[in-house]
Number of protein chains: 2
Amino acid sequence: MAGASMPAPLDGDATYADRSVAVLRTMILDGSLSPGERLNEVHLSQALGISRGPLREAVRRLTSEGLLHLVPHRGAFVPAFTSGQLADLYQLRIALETHAARLIAELEDRSGVEELATALDDAATLLDEQDSAAYPTDQDFHGTLLRLAANPALIEAAESVSARISLARSRSASQPARARAALAEHREILAALVGGDADAAARLLRAHLERSLDNATSLLDAPS
Amino acid sequence: MAGASMPAPLDGDATYADRSVAVLRTMILDGSLSPGERLNEVHLSQALGISRGPLREAVRRLTSEGLLHLVPHRGAFVPAFTSGQLADLYQLRIALETHAARLIAELEDRSGVEELATALDDAATLLDEQDSAAYPTDQDFHGTLLRLAANPALIEAAESVSARISLARSRSASQPARARAALAEHREILAALVGGDADAAARLLRAHLERSLDNATSLLDAPS
DNA sequence: CGACTCTCAACTGTTGACAGTTGTCAGAAG
DNA sequence: CTTCTGACAACTGTCAACAGTTGAGAGTCG
């Protein structure tokens with residue numbers, strides 16, 4: 001476990017527990033806390049400079065997000081997902097995002113899809129310029145997609161699932177070839193959304209996510 | 001707020017916080033805690049016979065389930081849903097359950113759908129015998145449906161949404177006519193599942209839930 | 001040598017007290 | 001009468017200490 005410290009109260013009057021949630025989420029997703037690792041309340045709270053109370057609250061919240069696993073009287077563990085669980089998560093994500101895509105395609109106000117278009121163009125130039133393998137704006141695309149669906153409950157559920165997926169595949173950054181293919185697929189999905197073709201958008205998005213799952217699974221099953 | 005007391009540790013070694021979650025969830029869903037009502041940590045913890053620590057943990061967990069709303073430095077409130085939010089929740093539920101239905105229809109092992117069939121028959125006799133308006137097994141049908149999809153993440157998400165819907169329409173028990181219609185619709189859905197027709201199952205389930213939403217909305221908009 | 005028991009250290013669950021914040025209400029000013 | 005101000009009461013956020021549980025390892029017995 002790497003050292004950590006509580007960020008200054010930049011976020012106004014956020015409570016210790018709130019800030020701890022953000023810090024821990026980052027630590028879990030960036031690998032500072034490895035899958036399978038057990039969290040020690042005393043050590044962690046000292047590292048964060050707070051007492052165990054707020055830390056426990058943060059741990060409980062992340063548990064309900066699926067980013068931690070709680071065992072009574074034993075503590076919190078960073079979950080290590082199997083490829084089967086990863087597939088389950090992707091299946092759930094497919095259900096949620098294809099629903100969002102249908103909602104967007106049927107929207108009357110079409111100003112939102114333009115936002116998606118510009119975001120994609122930015123991503124394209126970014127990918128060309130620095131030849132980055134990561135395609136960091138992949139999350140942006142899906143995030144924007146969900147936001148445009150304008151259903152808070154849907155957004156929350158989908159983001160929770162995406163966070164768990166990020167954790168499950170945190171060990172494996174996607175390959176350069178996959179990044180470019182993903183961008184192309186995003187473009188296809190966008191075209192369907194612009195055209196208001198809900199069925200096509202849902203079908204393309206499903207295929208896109210299934211390819212992403214395949215990519216992630218192959219990287220998960222063949223570890224370092 | 002009605003009085004409450006902590007149940008004896010029948011559930012083996014469940015922690016105080018665990019049991020408090022169950023108690024509070026029941027109190028919220030059965031109306032002991034009214035929508036809009038504010039929870040007082042001191043009073044509630046005394047009523048439950050525990051200290052504020054475990055109670056706070058229970059409150060935080062129910063908050064992440066969507067059954068409570070937390071305002072910093074102000075406390076926890078039982079959410080009062082608008083008809084728009086109820087529609088959002090139903091929309092999300094439709095996405096999740098139609099996905100589950102598709103998965104079931106495509107299952108190779110068809111022993112599960114038989115379980116659904118017998119459950120429906122039981123419900124029919126129950127409805128005929130005591131002429132109950134509540135159709136208490138409605139939740140059973142949808143719960144079984146989800147369980148058969150065999151995706152833990154999907155089950156958890158759907159149950160969270162269903163719980164919020166139950167809270168949103170807690171004030172309005174469904175009408176007798178609606179109960180019988182719902183049973184008939186369940187039978188249609190089941191038939192599609194038995195036949196392995198994923199599209200039909202999804203379409204019928206969507207229609208079923210949309211009618212349920214209409215029913216709930218009319219009762220919500222025309223309060224007592 | 002293996003299995004069983006007992007002790008113990010480490011840790012989580014819980015508690016009661018303290019600190020900081022929020023909304024309220026009486027009273028003064030306009 | 002309305003509006004602002006400032007103290008106060010009630011409550012949530014936080015802390016440090018206590019209690020109960022768990023897993024591990026030394027020691028013992030077969």
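Source: prediction; values computed, not measured. By convention in this document, chain letters (A, B, ...) are assigned in the order of the sequence lines, proteins followed by strands, and residues within each chain are numbered from 1.
- L48(A) has its CG atom 15 Å from the C1' atom of dC15(D), to the nearest Å.
- Side-chain rings of H142(A) and H186(A) approach one another, their centers coming within less than 6.0 Å.
- Atom CZ of residue R60(A) and atom CG of residue L62(A) lie 11.0 Å apart, to the nearest 0.5 angstrom.
- No hydrogens or angles considered: a donor-acceptor pair under 3.5 Å links the side chains of R164(B) and S160(B).
- Remark: R74(B) pairs with R38(B), V71(B), F77(B) by the side chain to side chain contact (heavy atoms under 4.5 Å, CB included) rule, at least two apart or across chains.
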>> Evaluate S212(B) against R169(B) for side chain to side chain donor-acceptor pair (under 3.5 Å), listing each step before the verdict.
In response: CA-CA 11 Å; S212(B) 175; R169(B) 51 181 303 182; 3.2 Å; yes

> When you check every protein heavy atom under 4.0 Å of nucleotides 7-13 of chain D, what one-letter string (B, S, -) results, 5' to 3'?
Replying inline: ----SBB

